[in-house]
There are 2 protein chains.
Amino acid sequence: MLVADNATAPVYTIGECARRSGFSMDTLRYYERIGLIDEVRRNATGQRRFTDGDLEWLGTLKCLRDTGMPVEQMARFAALVRDGDHTIPERIRLLEAHRVAVDASLDDLAAKRDYISGKIAYYRSV
Amino acid sequence: MLVADNATAPVYTIGECARRSGFSMDTLRYYERIGLIDEVRRNATGQRRFTDGDLEWLGTLKCLRDTGMPVEQMARFAALVRDGDHTIPERIRLLEAHRVAVDASLDDLAAKRDYISGKIAYYRSV
DNA sequence: GTTTGCGTTGGAGTCCACTCCAGGTCTTAG
DNA sequence: CTAAGACCTGGAGTGGACTCCAACGCAAAC
């Protein structure tokens with residue numbers, strides 16, 4: 001659930017962040033450990049408190065992940081983001097290369113969907 | 001390379017079959033072991049000789065595999081095919097369910113491609 | 001203020017789908 | 001005939017990406 005600091009920016013427990021981001025709590029901790037997400041803010045006793053900014057970044061990660069980018073390349077992207085604005089041209093290059101890959105897999109997937117449809121039609125005709 | 005029996009149906013060594021199917025030799029042997037492909041014909045000394053029929057089936061497997069079907073479900077499909085024509089209605093059900101999944105992942109992938117495009121456009125605008 | 005359950009850590013374990021290996025046999029090009 | 005290269009088997013190993021565990025500390029609901 002949401003844990004408001006007071007009237008300021010909302011923060012979320014790891015459980016709530018998991019629910020909202022679509023990653024499991026274990027995966028969130030794992031991603032933090034390997035540097036995919038920056039060190040997350042903690043409350044006084046050390047529990048993680050995710051911000052809306054964290055969630056937005058997790059949305060980007062989810063998109064990259066779900067489109068087949070390997071964790072290692074996501075880590076490179078995360079490092080670029082950490083390194084500041086002068087890495088923007090390189091981030092663009094990375095995302096463009098990835099988009100090319102995604103487009104290719106879209107085409108491939110569509111062709112294979114048609115093959116499956118053909119197979120179904122064939123079975124129906126038997 | 002192609003190893004013709006005589007003037008009849010062509011057969012292929014595992015290496016050639018790998019080249020043509022897009023699966024590695026190890027994967028072909030693995031698929032045979034777990035029942036994804038029927039026992040492959042052998043020559044006198046026990047080497048595998050794949051037929052065009054085997055290759056066609058491998059094409060189907062490749063399609064299912066590349067569209068994200070788990071090996072276990074492919075094995076179920078293979079078992080249905082082995083069991084004869086009375087399993088055709090069930091094969092249709094299986095393929096239709098899979099096509100629904102493929103359509104969903106096409107939609108998802110397209111949406112995420114757009115998200116990536118948006119990200120690129122944003123970076124370009126900075 | 002206590003119980004129920006959420007969160008912490010480091011490290012080990014799991015799952016899937018291959019992939020590799022050793023130690024041998026077979027095939028084929030020259 | 002021989003040497004290089006393809007193929008055989010059973011079983012072990014790999015890689016990627018988590019996922020689970022134990023043993024503990026905190027939180028928050030009543």
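The structure displayed is predicted, hence computed values, not measured ones. In what follows, chains are A, B, ... by sequence order, proteins preceding strands, each numbered from 1.
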- Query: Please, which pairs that meet ring-ring contact (aromatic ring centres under 6.0 Å, His included) have at least one residue in residues 75-98 of chain B, sequence neighbours excluded?
  - Reply: B:Trp57-B:Phe77
When the side chains of residues 100-110 of chain A are checked against the rest of the protein, which donor-acceptor pairs come out under 3.5 Å, sequence neighbours left out?
from: A:Asp103; atom 1: OD1; to: B:Arg113; atom 2: NH1; distance (Å): 2.7
from: A:Ser105; atom 1: OG; to: A:Val102; atom 2: O; distance (Å): 3.2
from: A:Asp108; atom 1: OD1; to: A:Lys112; atom 2: NZ; distance (Å): 3.3
from: A:Asp108; atom 1: OD2; to: A:Lys112; atom 2: NZ; distance (Å): 3.1

- Message: Taking only side-chain N and O atoms of B:Arg48, does any of them lie within less than 4.0 angstrom of OP1 or OP2 on D:dC7?
- Response: no
Grab the [atom1]-[atom2] distance between [X] and [N] for me, whole Å please.
X	N	atom1	atom2	value
A:Arg42	C:dC6	CZ	P	19 Å
B:Arg41	D:dC7	CZ	P	16 Å
B:Glu72	C:dC16	CD	C1'	11 Å
A:Met74	D:dG16	CE	P	13 Å
A:Ile14	C:dC6	CD1	C1'	10 Å

- Of all of residues 26-39 of chain A, which get a heavy atom below 4.0 angstrom from DNA chain C, listed by number? A:Arg29
Any residue meeting side chain to side chain contact (heavy atoms under 4.5 Å, CB included) with [X], in chain and number order, not counting sequence neighbours:
X	value
B:Ser125	B:Tyr122
B:Arg33	B:Tyr30
B:Asp52	B:Pro10, B:Tyr12, B:Leu55
B:Arg19	B:Glu16

- Hey, can you pull the residues of residues 52-70 of chain A with a non-hydrogen atom under 4.0 angstrom from DNA chain D? A:Arg65, A:Pro70
In the structure I gave you, are the side-chain heavy atoms of [X] and [Y] within less than 4.5 Å of one another anywhere?
X	Y	value
B:Arg91	A:Lys119	no
B:Arg99	A:Ser117	yes
A:Gln47	A:Thr13	no
B:Leu58	B:Ile37	yes

- Message: Enumerate the salt bridge (charged side-chain N to carboxylate O under 4.0 Å, His left out) contacts for residues 70-82 of chain A, please, sequence neighbours excluded, ordered by first and then second residue.
- Response: A:Asp38-A:Arg82
Under 3.5 Å between N/O atoms: give me all the protein pairs with nucleotides 25-27 of chain C, atom names plus distance.
from: C:dC26; atom 1: O3'; to: B:Thr45; atom 2: OG1; distance (Å): 2.9
from: C:dT27; atom 1: OP1; to: B:Asn43; atom 2: ND2; distance (Å): 3.1
from: C:dT27; atom 1: OP1; to: B:Thr45; atom 2: OG1; distance (Å): 3.2

- Task: Take the C1' atoms of the five end pairs on each side of the helix from C:dG1-D:dC30 to C:dG30-D:dC1, derive the two axes, and give their angle rounded to 10 degrees.
- Result: 30°
- So with a 6.0 Å cut-off around CD of A:Glu56, is the heavy-atom count from everything else above 12? no
- By ring pair (Phe, Tyr, Trp, His ring centres under 6.0 Å), B:Tyr31 pairs with (sequence neighbours left out) B:Phe23
